[in-house]
Amino acid sequence: MEAKFEAAGDVIVITGGGNGIGRGLAKAAAKAGARVVICDVDRAAMEAAKAEHPNISAVALDVSDRAAVFEVFGKIEKEHGKIDGLVCAAAIQPRTAVTDMPPEEWKRVIGINLDGVVWCYQAAIKGMIARRRGSIVAFTSGLASQGWPEASAYAATKGALISFVKSAAKEVAMHRVRFNLIAPGVIDTPQYRAANAGADHERWRASTGVGTPEDVAAAVLYLASDEAGYVTGQTLHVNGGMAMI
């Protein structure tokens, strides 16, 4: 059985869409007919992503900057008339032991991985409520429950997102707006490669296997689609059978 998603007329915003899972999703959503706007700080990556499909446009955005998020999202709504789907894929994962972590690094991880999701949610949610239609998807991680050496800040943000999404989803469920999480397994992205070089990568590859962004894209499209109309506040695990959260 082949699942096909029809997204003609939909407008989907993807933060962190220049690379990794966000980029794979942008291409899949564009192929399904959606008008996709990727938001990223990597301008070269955004240009490369735009070249993959005519339905993809891009705008530079640091999601930790709340004022910038509201400005960019406002422009997107003005240009396209709406935002039907929001996927918060922007994240960073520096590897530093807690004892050596400078406060600036801690604040930067929190600012992008957690605050960035909150600001994007705030910027998109009122329009979705007014239209009584919308889907937001964010990303957690198995590290939220397992932890990982030198990844404490990243794991902390992913754990916090679970509680945040469950609470926020309940606030807007009556407006037919949905908010869910994806918990990917080990996915081969530039961020993963940077955080799991050498022996770490070989250990993951030999044990659980390493997935691709395309392995995750279909699950995100499902949560963004009307087919998931009764699914909200949930975490969907896409990990090839690996025990995650």
Side-chain angles (χ1 to χ4, degrees), residues 5-91 111-139 161 164-165 168-169 171-172 175-182 213 217 220-221 223-226 228:
F5 295 97
E6 174 57 52
D10 285 349
V11 178
I12 299 178
V13 177
I14 304 173
T15 69
N19 289 293
I21 293 172
R23 182 166 173 174
L25 173 63
K27 188 174 180 179
K31 284 185 175 180
R35 289 174 287 169
V36 178
V37 183
I38 58 176
C39 302
D40 210 308
V41 294
D42 189 335
R43 295 177 183 270
M46 287 194 295
E47 289 302 313
K50 283 170 56 180
E52 293 185 332
H53 200 284
N55 283 5
I56 299 176
S57 60
V59 58
L61 177 64
D62 178 351
V63 296
S64 69
D65 184 339
R66 186 176 186 271
V69 169
F70 273 77
E71 180 181 358
V72 166
F73 278 46
K75 289 180 178 177
I76 293 171
E77 289 224 39
K78 184 175 181 180
E79 179 179 353
H80 296 283
K82 58 179 180 174
I83 295 175
D84 297 292
L86 167 63
V87 180
C88 300
I112 294 174
N113 296 9
L114 180 57
D115 293 348
V117 176
V118 178
W119 307 153
C120 290
Y121 173 92
Q122 289 182 332
I125 197 65
K126 289 185 178 179
M128 291 181 175
I129 289 173
R131 291 185 295 274
R132 292 187 60 78
R133 182 176 187 266
S135 174
I136 303 174
V137 179
F139 290 85
L161 281 174
F164 172 70
V165 169
E171 293 180 1
V172 296
H175 301 293
R176 302 186 64 82
V177 179
R178 297 174 290 108
F179 195 5
N180 290 287
L181 283 163
I182 292 280
V220 181
L221 286 178
L223 289 178
S225 75
D226 294 336

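Only heavy atoms go into these numbers, but all of them, side chains included; no hydrogens, no water, no symmetry mates. Sequence positions, counted from 1, serve as the residue numbers for this chain.
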Please list, chain by chain and in numerical order, all residues satisfying salt bridge (Lys or Arg N to Asp or Glu O under 4.0 Å) with [X], sequence neighbours excluded.
| X | result |
| --- | --- |
| R43 | none |
| D226 | R133 |
| K75 | E71 |

Starting at [atom1] of [X], measure out to [atom2] of [Y] and round the result to the nearest 0.5 Å.
| X | Y | atom1 | atom2 | value |
| --- | --- | --- | --- | --- |
| K126 | E77 | NZ | CD | 11.5 Å |
| K31 | L221 | NZ | CG | 11.5 Å |
| D40 | D62 | CG | CG | 10.0 Å |
| H80 | K78 | NE2 | NZ | 13.0 Å |
| I136 | I83 | CD1 | CD1 | 9.5 Å |

Going by the angle between their ring planes, with limits at 30° and 60°, are Y121 and F179 parallel, tilted or perpendicular?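 Parallel: the ring planes of Y121 and F179 meet at under 30°.
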
Does [X] reach the main-chain N or O of [Y] with its side chain, forming a donor-acceptor pair under 3.5 Å?
| X | Y | result |
| --- | --- | --- |
| R131 | K82 | no |
| H175 | V177 | no |
| S135 | L223 | yes |
| D84 | I12 | no |
| D10 | A34 | no |

side-chain contact (heavy atoms from CB on, under 4.5 Å) assessment of N180 paired with V165: CA-CA 7 Å; N180 290 287; V165 169; 5.6 Å; no

For Q122, what residues pass the side-chain hydrogen bond (donor to acceptor under 3.5 Å, both in side chains) criterion, not counting sequence neighbours?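 For Q122, the residues satisfying side-chain hydrogen bond (donor to acceptor under 3.5 Å, both in side chains) (neighbours in sequence not counted) are R66.
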
Partner residues of S225 under the side-chain hydrogen bond (donor to acceptor under 3.5 Å, both in side chains) criterion, sequence neighbours left out: none

Check against side-chain contact (heavy atoms from CB on, under 4.5 Å), C88 and L86: CA-CA 6 Å; C88 300; L86 167 63; 3.9 Å; yes

What is the minimum heavy-atom distance between A123 and V69, and which atoms define it?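 So the minimum-distance heavy-atom pair works out to CB-CG1, 3.8 Å.
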
Could you go through the side-chain contact (heavy atoms from CB on, under 4.5 Å) check for S64 and D115 one step at a time? CA-CA 6 Å; S64 69; D115 293 348; 5.7 Å; no

Could you pull out all donor-acceptor pairs under 3.5 Å where a side-chain atom in residues 20-29 meets a protein atom, sequence neighbours excluded?
from: R23; atom 1: NH2; to: E52; atom 2: OE2; distance (Å): 3.2

Test item: C39 and V13 side chains (from C-beta on) under 4.5 Å apart, heavy atoms: yes

Show the numbers, then the answer: is there a side-chain contact (heavy atoms from CB on, under 4.5 Å) between F139 and V117? CA-CA 9 Å; F139 290 85; V117 176; over 6 Å; no

